[in-house]
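The structure appears right after this line, and notes come after that.
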2 protein chains.
Amino acid sequence: MTQIKENSTWNFNKELSMQACPVSFVMNKIGGHWKPIILYQLMSGPKRYSELRRAIPGITEKMLIQHLKQLQADDLVSRKAEAVVPPYVVYQFTTKGESLQPVLKAIAAWGYEQWNAEMI
Amino acid sequence: MTQIKENSTWNFNKELSMQACPVSFVMNKIGGHWKPIILYQLMSGPKRYSELRRAIPGITEKMLIQHLKQLQADDLVSRKAEAVVPPYVVYQFTTKGESLQPVLKAIAAWGYEQWNAEMI
DNA sequence: ATAACTGCTTACTTAAGGGTAAGTACTTGT
DNA sequence: ACAAGTACTTACCCTTAAGTAAGCAGTTAT
């Protein structure tokens, strides 16, 4: 995947923030460019890899798989594969991921509000 | 501040996501490395520039002022300056920023839960 | 006189994240 | 025979975000 330099100031600050600020801790798990979008897609139920790819315009396969892997590593999303040809792989929330849903919904709700407010 | 190339794929995708996904829209306003931490600090009340600097270990003045400006541009935080010497500048939530607080609290609450869960 | 405080600004460098484009293995449809 | 579908992997390059380090203007404290 992507190598991270262990001794960089950036990395040090990241660790510091994650330990000092709960909001920052969460952002590190669900923030970034693609993770919010992937999570949003999964909120409407389990999805196949190719379904996600088609549902998210502009995402590359590299980004999709990379973030799915990170979400798995953080135990927010699980992968279920059936050993058939063509392969059938489904991604869905874990129990921990499910517990995030109210938070994601609160975020989305605020987002919608702001959209509507900007329309007026 | 920082120049953004208009025609980059990254920028195009960013716009796309912000229009297609409410979660992504919100993340663009409150995500990143420093914004969550700054917002978290402001949740406990208005703060001076130097208070924020001291409260956030590791942040540079450049990052602090840059993100405060972005938060102002997004109308989440307001700046109040008194024309005295030494200068007295206070940052606090706007009305819009206040409306974000329940969301930030929900995020922080989930973060605390996960911390505790990891401790067991 | 000089250090320290206030709230910034600027130019330069580095590192992380993302994009491009190709390839893999195996099968069904035409 | 060849394209198209499945779910990935890999190598290389470019853009953005962040870090480093300095400076400014005006005042009080030592």
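This structure is a prediction, so every number in the text was calculated from the model and none was measured. Protein chains get the first letters and strands the later ones, always in sequence-line order, with residue 1 at the start of each. Worth knowing before you read on, the calculation uses all heavy atoms, side chains too, and leaves out hydrogens, waters and symmetry mates.
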Set out, line by line, the N/O atom pairs under 3.5 Å between protein and nucleotides 19-23 of chain D.
| unit_1 | atom_1 | unit_2 | atom_2 | d |
| --- | --- | --- | --- | --- |
| D:dG19 | OP1 | A:Asn13 | ND2 | 2.6 |
| D:dG19 | OP2 | B:Trp34 | NE1 | 3.1 |
| D:dG19 | O3' | A:Thr9 | OG1 | 3.3 |
| D:dG19 | N7 | B:Lys62 | NZ | 3.4 |
| D:dG19 | O6 | B:Lys62 | NZ | 2.2 |
| D:dT20 | OP1 | A:Thr9 | OG1 | 3.1 |

Query raised in the report: Would you call B:Leu76 and B:Ile30 a side-chain contact if the rule is heavy atoms closer than 4.5 Å?
Result: yes
**Report entry** Gap between atoms CE and P, on A:Met27 and C:dG17 respectively (whole Å)
**Finding:** 16 Å
Query raised in the report: Any side-chain heavy-atom pair from B:Lys14 and B:Asn28 closer than 4.5 angstrom?
Result: yes
Query raised in the report: If you take all heavy atoms of B:Ser17 and A:Trp34, which pair is closest and at what distance?
Result: OG-CZ3, 4.4 Å
**Report entry** Closest heavy-atom pair and its distance - A:Cys21, B:Trp115
**Finding:** C-CH2, 4.0 Å
**Report entry** Separation of D:dA18 P from B:Ile65 CD1 (nearest whole Å)
**Finding:** 15 Å
Query raised in the report: Any sub-3.5 Å donor-acceptor pair from A:Thr94's side-chain atoms to A:Asp75's backbone N or O?
Result: yes
Query raised in the report: CZ of B:Phe12 versus C1' of C:dG17: gap in Å, rounded?
Result: 19 Å
Report summary line: Per the under-4.0 Å heavy-atom filter, residues of residues 75-94 of chain A near DNA chain D come out as A:Arg79, A:Pro86, A:Pro87, A:Val89, A:Tyr91
Query raised in the report: What's the shortest heavy-atom distance between A:Ala20 and B:Tyr40, and which atoms?
Result: O-CE2, 4.5 Å
Requested in this report: Side-chain contact test, heavy atoms from C-beta onward, threshold under 4.5 Å: evaluate it for B:Asn13 versus A:Ile59 and give yes or no.
Outcome: no
Query raised in the report: Quick one: is B:Arg53 getting a side-chain N or O under 4.0 Å of the C:dC5 phosphate, OP1 or OP2?
Result: no
Query raised in the report: Hey, can you pull the residues of residues 39-49 of chain B with a non-hydrogen atom under 4.0 angstrom from DNA chain C?
Result: B:Arg48, B:Tyr49
Requested in this report: Return the value, rounded to whole Å, for the distance between atom NZ of B:Lys69 and atom P of D:dA17.
Outcome: 16 Å
Report task. Rounded to the nearest angstrom, tell me the gap between atom CD in A:Gln66 and atom P in C:dG17. Result -> 9 Å
**Report entry** Contact summary for A:His33 and B:Ser24, nearest pair of heavy atoms
**Finding:** O-OG, 4.4 Å
Query raised in the report: How long is the line joining CG of B:Leu16 and P of C:dG18, in whole Å?
Result: 15 Å
Query raised in the report: Should A:Ile38 and A:Lys47 count as side-chain neighbours, where that means a heavy-atom distance under 4.5 Å?
Result: no
Report task. Please examine the side chains of A:Met43 and A:Phe93, heavy atoms only from C-beta on, and report whether any two atoms are closer than 4.5 Å. Result -> yes
Query - Length of the CG-P vector between A:Asn11 and C:dA15, whole Å - result: 12 Å
Query raised in the report: Does a nitrogen or oxygen in the side chain of A:Ser50 sit under 4.0 Å from OP1 or OP2 of D:dA7?
Result: yes
Query raised in the report: Whole-Å distance between D:dA18 C1' and B:Gln70 CD?
Result: 12 Å
Report task. Answer yes or no: is there a side-chain heavy-atom contact under 4.5 Å between B:Lys35 and B:Lys29? Result -> no
